[in-house]
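Contents: one structure, followed by commentary.
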2 protein chains.
Amino acid sequence: MVTLAEVATHAGVSASTVSYVLSGKRSISAGTRQRVERSIQELGYHPNAGARALASNKSNIIALMVPLRTDMYVPVMMEIAIAVATTARTHGYDVLLLTGEEGPDAVRRVTGSGLADAMILMDVEMDDERLPLLRGTDQPSVLIGLPADTSGLTCVDLDFAATGALCVEHLATLGHRDIAVIGEAPGVYERHTGFAERTLEGLRSRARELGLRVLHRPCEGGYDAMTLTLARIFDERPDTTGFVVQNESAVEPLLALLRRQSRAVPEDVSVIAVCPDQVAVQASVRLTSVAIPAQEMGRRAVEQLVAKLDGRDTDEVVLLAPELTIRASTGPVSTLS
Amino acid sequence: MVTLAEVATHAGVSASTVSYVLSGKRSISAGTRQRVERSIQELGYHPNAGARALASNKSNIIALMVPLRTDMYVPVMMEIAIAVATTARTHGYDVLLLTGEEGPDAVRRVTGSGLADAMILMDVEMDDERLPLLRGTDQPSVLIGLPADTSGLTCVDLDFAATGALCVEHLATLGHRDIAVIGEAPGVYERHTGFAERTLEGLRSRARELGLRVLHRPCEGGYDAMTLTLARIFDERPDTTGFVVQNESAVEPLLALLRRQSRAVPEDVSVIAVCPDQVAVQASVRLTSVAIPAQEMGRRAVEQLVAKLDGRDTDEVVLLAPELTIRASTGPVSTLS
DNA sequence: GTGAAAGCGCTAACAA
DNA sequence: TTGTTAGCGCTTTCAC
């Protein structure tokens with residue numbers, strides 16, 4: 001293993017000079033710099049991460065805590081994680097992958113050991129048990145998601161309330177009066193995961209203003225669950241003509257069932273989804289949708305975190321504005337029936 | 001920040017004693033151990049990761065390199081990654097998340113800096129450019145996937161050749177003679193990703209032995225691509241009655257299109273998928289399938305790696321035996337037509 | 001613009 | 001069974 005000392009000898013300078021060439025923390029003459037850089041190349045030197053962490057009290061590692069559960073849409077998680085890792089690298093950080101399994105203990109472990117300089121938490125619940133710990137430490141952190149109380153925390157998320165409102169507005173504009181919301185699995189609501197509840201709130205309050213009726217039904221993914229859910233919806237509200245779906249694994253079953261019931265999309269019923277663009281485009285009907293900007297969320301989270309680490313001021317809450325893309329699954333309500 | 005020295009003072013012992021209590025590398029009297037453990041508790045001590053890494057020349061970190069691309073089935077990747085992280089923790093390791101973006105450079109960086117003790121590579125291609133580097137270093141590594149030349153490498157993967165054979169056997173037993181294989185996106189084959197080609201080889205060679213005809217078509221996911229692919233298949237081989245699908249985002253489109261063409265599953269055509277059980281169960285027809293054991297793959301990869309790190313012998317190639325689960329999408333070929 | 005040297009917190013010989 | 005001590009490779013004062 002090549003050490004900094006060896007580089008110094010090889011270049012005919014002192015260890016500190018090599019260190020400063022690397023860090024750029026003091027000016028170096030052009031000649032010296034070149035010789036040092038040449039030696040680094042020739043010897044294939046890589047600074048030792050442990051030594052660096054010990055001496056500088058910085059690990060250059062960001063911890064990312066992903067949920068262990070997989071009842072939520074996994075590709076979104078993965079896309080966020082990859083965006084986090086990619087963006088972190090551009091700022092000189094590596095990413096440590098923690099699962100939710102350890103829970104609050106992981107926060108303590110990482111904070112206490114100096115393993116990571118900062119952390120990003122995904123899948124934050126409204127009243128998350130990790131939050132007190134984060135508030136009580138000086139380790140910078142960013143949440144992807146929005147808990148009930150954001151004081152003292154930095155959060156990045158899609159503005160789900162605005163998302164819900166946007167969906168309902170679009171349907172209202174098309175003349176729909178009875179809206180059914182097909183939501184995430186019941187467990188998601190029971191855990192009080194922020195995004196699901198906020199979508200619903202935004203949607204309901206806008207619907208109230210616009211005078212629309214809303215029926216909300218959580219739904220496990222898959223065909224069997226969807227069959228039941230859909231039957232109940234039409235049973236309770238036969239005049240439903242607009243659907244808002246926030247559950248990727250319910251999208252295709254819903255479309256298939258509607259087809260089977262000879263309800264044409266968008267002639268008889270309109271469907272709008274909250275999902276990644278890829279899902280909207282690949283569905284059997286190209287779906288009008290509000291996109292979940294997974295990459296953007298991961299990227300912004302890292303940028304907020306790096307700003308904190310650099311001692312720059314950060315926003316407390318970054319809410320990304322939802323964007324509606326109109327495709328082939330929504331249309332004006334039928335005037336014939 | 002609490003240091004080992006502070007714990008030592010608090011417990012009235014020397015630093016090394018505290019260290020040995022932690023590592024268990026020499027026997028400690030019960031009394032001393034208790035006092036030390038008590039001090040650790042009281043002071044809330046966590047060993048400093050950097051210092052430990054520097055002194056012991058071990059980071060207790062495993063690097064996991066995930067593909068940047070997302071044209072493959074992402075949930076499988078995520079499930080593997082989570083299984084890796086979870087299993088690694090049970091062995092005292094943390095996981096560093098690297099994306100494929102840096103390519104071979106990431107291998108150099110991690111190896112050279114001592115950031116990680118070992119690495120796991122996912123999405124290995126037949127002739128992967130990272131392999132020479134791995135062979136040339138003494139850093140232990142495990143591949144998830146199987147390259148063309150496995151010499152000097154440890155690999156974990158599903159036995160995809162056996163998987164392909166198993167699919168074809170099942171269809172043959174049911175009397176099908178003309179088989180269509182709907183594969184991954186063309187890009188996957190162009191990159192010569194091992195698993196896709198091996199499935200095909202296993203399938204073809206068994207089909208030859210059994211005297212079946214096989215038509216293979218790569219397919220991007222989604223409905224549009226599937227429509228085209230399916231049309232071509234029936235155009236070229238009108239007598240096709242058996243489908244093998246190895247592409248999660250083609251599964252549902254295929255089923256929907258068959259339905260639309262009034263080809264009943266499994267009465268008219270049989271469909272067997274290579275996919276995670278969850279996908280098979282949630283599809284609109286419960287699919288006969290060979291499971292992709294994502295968790296098992298992640299777990300085994302870590303276990304192989306830990307064995308190497310502990311200096312134990314390891315298998316060169318661990319091929320997990322495929323398991324066929326018969327569900328509702330396959331049946332005997334119709335004798336009426 | 002450069003060098004010398006004192007740690008950072010821990011591990012693991014070597015001693016006792 | 002326990003203590004003493006010399007590093008691990010780097011960063012960063014302090015000195016020139």
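Below, all heavy atoms of this structure are taken into account, side chains as well, without hydrogens, waters or symmetry copies. Note on naming: letters A, B, ... go to the chains in the order of the sequence lines (proteins, then strands), and numbering restarts at 1 for each one.
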**Message:** Just checking D105(A): does its CG atom have more than 12 heavy atoms from other residues, nucleotides or ligands closer to it than 6.0 angstrom?
**Reply:** yes
Output one line per pair: protein atom, nucleotide atom from nucleotides 4-6 of chain D, and distance, for all N/O pairs under 3.5 Å.
from	atom 1	to	atom 2	distance (Å)
dT4(D)	O4	S16(B)	OG	3.1

**Asked** Is the shortest distance from a Lys or Arg side-chain nitrogen in D313(B) or K308(B) to a carboxylate oxygen in the other one below 4.0 Å?
**Response** no
**Item:** Neighbour count above 12 (heavy atom, 6.0 Å) for D149(A) CG
**Value:** yes
**Message:** Please tell me if S29(B) has a side-chain N or O lying less than 4.0 Å from either OP1 or OP2 of dT2(D).
**Reply:** yes
**Request:** Compare side-chain N and O positions of S27(B) against OP1 and OP2 of dT1(D) and report whether any pair is under 4.0 Å apart.
**Result:** yes
**Message:** One thing to verify: whether E102(A) and R109(A) come together as a salt bridge, which I'm taking to mean a side-chain N less than 4.0 angstrom from a carboxylate O.
**Reply:** yes
**Asked** Quick one: side-chain hydrogen bond (donor to acceptor under 3.5 Å, both in side chains) partners of T32(A), sequence neighbours excluded?
**Response** S29(A)
**Request:** Can you tell me the distance, in whole Å, between the CG atom of L115(B) and the C1' atom of dC10(D)?
**Result:** 14 Å
**Asked** Does K25(A) put a side-chain nitrogen or oxygen below 4.0 Å from OP1 or OP2 of dT12(D)?
**Response** yes
**Message:** One thing to verify: whether D157(A) and R198(A) come together as a salt bridge, which I'm taking to mean a side-chain N less than 4.0 angstrom from a carboxylate O.
**Reply:** yes
**Message:** Once you apply a heavy-atom cut-off of 4.0 Å, does S23(B) come out as touching a base, just sugar-phosphate, or nothing?
**Reply:** nothing
**Pair R300(B) + D315(B), salt bridge at N-O below 4.0 Å** = no
**Item:** Sub-4.0 Å heavy-atom contacts from residues 39-56 of chain A onto DNA chain C, ordered by number
**Value:** L54(A), A55(A)
**Prompt:** More than 12 foreign heavy atoms under 6.0 Å from CZ of R38(A): is that the case here?
**Reply:** no
